[in-house]
Protein chains: 2
Amino acid sequence: MTYTTGAAEDYLKTIYSHTEWQGDLITPSALALRLGVAPSSVTEMVKKLATSGLITHVPYGPLALTDAGRLRATAVVRRHRLIETWLVGEMGYDWDQVHDEAEVLEHSISDRLLEAINARLGFPTHDPHGDPIPAADGTVLRPPASLLTDATVGQSGTVLRISDRDPAVLRELAADLIGPGTEFTLTAPFTIALADGQSRLISVAAAASIWVTAPD
Amino acid sequence: MTYTTGAAEDYLKTIYSHTEWQGDLITPSALALRLGVAPSSVTEMVKKLATSGLITHVPYGPLALTDAGRLRATAVVRRHRLIETWLVGEMGYDWDQVHDEAEVLEHSISDRLLEAINARLGFPTHDPHGDPIPAADGTVLRPPASLLTDATVGQSGTVLRISDRDPAVLRELAADLIGPGTEFTLTAPFTIALADGQSRLISVAAAASIWVTAPD
DNA sequence: CATCCGTTTTAGTCATACCGAAATCCTAGC
DNA sequence: GCTAGGATTTCGGTATGACTAAAACGGATG
């Protein structure tokens with residue numbers, strides 16, 4: 001009933017993450033791809049999660065979290081992002097090096113230790129990549145955002161988050177001193193002008209990882 | 001071959017811990033008791049560990065670590081004790097509250113994070129209970145010690161370590177301000193006089209958990 | 001030296017989580 | 001409306017790590 005293995009947490013987290021910025025529901029095959037498991041494995045886990053009341057699923061249809069499932073998922077995301085913030089803030093990690101470590105620790109840290117870390121960090125609201133850290137009650141503060149690849153030339157805004165999927169992208173942007181909070185104007189696909197007047201050429205992979213304030 | 005699951009690590013660590021202070025080899029039944037598993041489970045895991053070259057075992061005989069097994073075991077113990085030291089030193093835990101958390105984290109923390117913690121702590125040599133922290137190469141600095149229950153009346157010495165097995169004992173001794181480094185003279189079974197002249201009545205359970213400098 | 005009894009091993013199950021192959025479903029294109 | 005092909009599920013099987021019950025072992029005792 002209270003089904004909370006590490007594997008199940010990974011499924012819930014991935015389902016949640018897909019809807020967090022993209023908006024649409026995730027399909028079993030997309031979930032399998034993201035998790036790096038076979039589609040048949042997804043079918044099995046989906047059955048267990050549905051039986052436990054954490055997701056809803058009509059056969060051959062997409063997956064959706066229930067309220068209970070979303071709470072469980074945001075709890076895992078909260079752990080992940082607090083751990084990442086801690087690794088960068090206190091333990092000397094760079095932002096492209098924290099993902100794997102957090103991926104493991106998010107399943108093993110106790111609530112008590114998590115809150116001790118949270119307090120040490122001063123109760124941060126965002127992780128190093130700009131992702132909002134869900135509150136303990138599952139609340140997430142997420143401003144409207146769009147991808148830099150969808151921005152129009154001339155559009156100005158602020159970088160809100162960088163997807164932490166690709167470490168190479170994170171290293172590229174760190175070298176360019178681009179991160180959450182950076183103000184920019186898109187001068188060409190994909191060249192941006194920074195506040196100090198400097199110009200930066202952004203790789204396509206990086207542009208597809210940068211979420212910026214939605215245009216007016 | 002490189003068999004390093006969390007379960008196997010627990011077996012190795014427990015085999016090692018038994019020999020660390022007691023000296024004699026552990027039997028399968030004692031191992032089962034300590035780990036809280038059935039004897040048949042031990043037989044199975046022993047087979048795997050022996051096949052992997054981490055322990056030696058003649059059927060119906062006791063268990064002994066190989067050099068490779070001892071190295072693996074001390075690595076786990078090192079993790080456990082550094083994590084405990086960190087929880088007490090930086091995260092606001094008391095010494096009776098760290099065991100369970102360390103028990104989990106010792107299997108999931110990366111070498112990198114462990115060394116970052118180690119550096120933050122200033123490369124400690126002992127954990128809060130007085131247990132020596134093995135070096136990365138498996139070396140352990142362990143002074144000769146004997147149990148307070150084996151001490152003779154009139155014997156003086158210094159508390160070297162308190163077994164972290166029983167949290168209640170740890171709380172009792174913390175309340176009595178007794179810990180590693182405390183100098184004492186045994187005045188009766190089990191009453192000890194401290195350096196400042198104060199006297200303390202020690203419970204039998206606590207006395208059986210206190211390791212002191214060996215008598216001359 | 002035979003027997004007894006606790007220890008250890010064997011044999012058979014279970015739960016989790018994964019896989020590949022085969023069957024089934026859904027839908028887009030005709 | 002039919003059908004091809006991709007997506008999904010079903011089915012059988014693998015690996016880990018645990019369990020119980022029962023058989024096999026071996027050291028201590030009479």
Side-chain angles (χ1 to χ4, degrees), chain A residues 1-15 18-19 22 24-65 69 72-73 76 103-104 106-108, chain B residues 1-16 18-19 22 24-65 69 72-73 76 100 103-104 106-108:
Chain A
M1 186 105 286
T2 316
Y3 184 61
T4 328
T5 63
E9 287 186 348
D10 280 337
Y11 279 80
L12 292 173
K13 185 187 60 170
T14 305
I15 295 168
H18 188 263
T19 61
Q22 267 87 14
D24 54 337
L25 298 177
I26 193 168
T27 60
S29 54
L31 184 52
L33 206 65
R34 278 259 202 118
L35 287 168
V37 300
S40 55
S41 305
V42 170
T43 301
E44 276 199 13
M45 182 62 87
V46 158
K47 251 186 258 176
K48 293 182 204 162
L49 294 174
T51 302
S52 304
L54 296 169
I55 65 174
T56 56
H57 176 235
V58 287
Y60 297 96
L63 312 173
L65 293 170
R72 198 72 63 82
V76 180
E103 202 67 22
V104 177
E106 70 190 9
H107 302 301
S108 40
Chain B
M1 184 104 282
T2 317
Y3 185 57
T4 330
T5 64
E9 287 186 348
D10 280 337
Y11 278 81
L12 292 174
K13 183 186 60 170
T14 305
I15 295 169
Y16 172 81
H18 187 265
T19 61
Q22 267 85 15
D24 55 335
L25 296 177
I26 194 168
T27 61
S29 55
L31 184 53
L33 206 66
R34 279 261 201 115
L35 288 169
V37 301
S40 55
S41 305
V42 170
T43 301
E44 281 200 7
M45 183 61 87
V46 158
K47 249 185 260 174
K48 291 182 203 163
L49 294 174
T51 303
S52 304
L54 297 169
I55 66 174
T56 57
H57 176 235
V58 287
Y60 296 95
L63 312 173
L65 293 171
R72 198 73 61 83
V76 180
D100 293 352
E103 203 67 22
V104 178
E106 70 190 12
H107 302 301
S108 39

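In what follows, chains are A, B, ... by sequence order, proteins preceding strands, each numbered from 1.
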Among [options], find the nucleotide with the atom closest to the side chain of [X].
| X | options | value |
| --- | --- | --- |
| A/Glu44 | C/dT16, C/dT8, C/dC18 | C/dC18 |
| A/Thr5 | D/dA7, C/dA17, C/dC19 | C/dA17 |
| A/His57 | D/dT9, C/dG20, D/dT16 | D/dT9 |
| A/Pro28 | C/dC18, D/dT20, D/dT8 | D/dT8 |
| B/Val37 | D/dT16, D/dA18, C/dC18 | D/dA18 |
| A/Tyr60 | C/dC25, D/dG17, C/dT16 | C/dC25 |
| B/Thr43 | D/dT10, D/dT8, C/dT9 | C/dT9 |
| B/Tyr11 | C/dG20, D/dA18, D/dT8 | D/dA18 |

OP1 or OP2 of [N] less than 4.0 angstrom from a side-chain nitrogen or oxygen of [X], does that happen here?
| X | N | answer |
| --- | --- | --- |
| A/Lys48 | C/dA15 | no |
| A/Lys47 | D/dT9 | no |
| A/Ser29 | D/dT8 | yes |

Rounded distance [0.5 Å steps], [atom1] in [X] versus [atom2] in [Y]:
| X | Y | atom1 | atom2 | answer |
| --- | --- | --- | --- | --- |
| A/Leu25 | A/Thr19 | CG | OG1 | 7.5 Å |
| A/Ile55 | A/Met45 | CD1 | CE | 10.0 Å |
| B/Thr27 | B/Ile15 | OG1 | CD1 | 10.5 Å |
| B/Tyr3 | B/Leu12 | OH | CG | 9.5 Å |

May I have the distance from [X] (atom [atom1]) to [N] (atom [atom2]), rounded to whole angstrom?
| X | N | atom1 | atom2 | value |
| --- | --- | --- | --- | --- |
| B/Met45 | D/dC19 | CE | P | 11 Å |
| B/Leu35 | D/dG17 | CG | C1' | 12 Å |
| A/Glu9 | C/dA17 | CD | P | 11 Å |
| A/Leu12 | C/dA17 | CG | P | 11 Å |
| B/Leu33 | C/dG6 | CG | P | 15 Å |
| B/Ile55 | C/dT8 | CD1 | P | 13 Å |
| A/Leu49 | D/dT9 | CG | P | 13 Å |

Heavy-atom check, side chain of [X] versus side chain of [Y], under 4.5 Å:
| X | Y | value |
| --- | --- | --- |
| B/His107 | B/Thr5 | no |
| B/Tyr11 | B/Val42 | yes |
| B/Asp10 | B/Glu103 | yes |

Using the closest heavy atom to pick a nucleotide of DNA chain C for each, name whichever of A/Ser40 or A/Ala7 lands nearer the 5' end.
A/Ala7
Contact nearer the 5' end of DNA chain C, comparing B/Thr27 with A/Ser41
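Between the two, 5'-proximity favours B/Thr27.
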Across the strands shown, which category fits [X] at heavy-atom distances under 4.0 angstrom: base, sugar-phosphate, nothing?
| X | result |
| --- | --- |
| A/Pro39 | base |
| A/Ala38 | sugar-phosphate |
| A/Gly36 | sugar-phosphate |

Looking only at heavy atoms, which two atoms of B/Glu106 and B/Glu9 are closest? And how far apart?
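Looking at all heavy atoms of both residues, the closest pair is O-OE1, 4.2 Å.
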What does the B/S/- profile of nucleotides 1-6 of chain D look like, 5' to 3', with a 4.0 Å heavy-atom cutoff to protein?
------
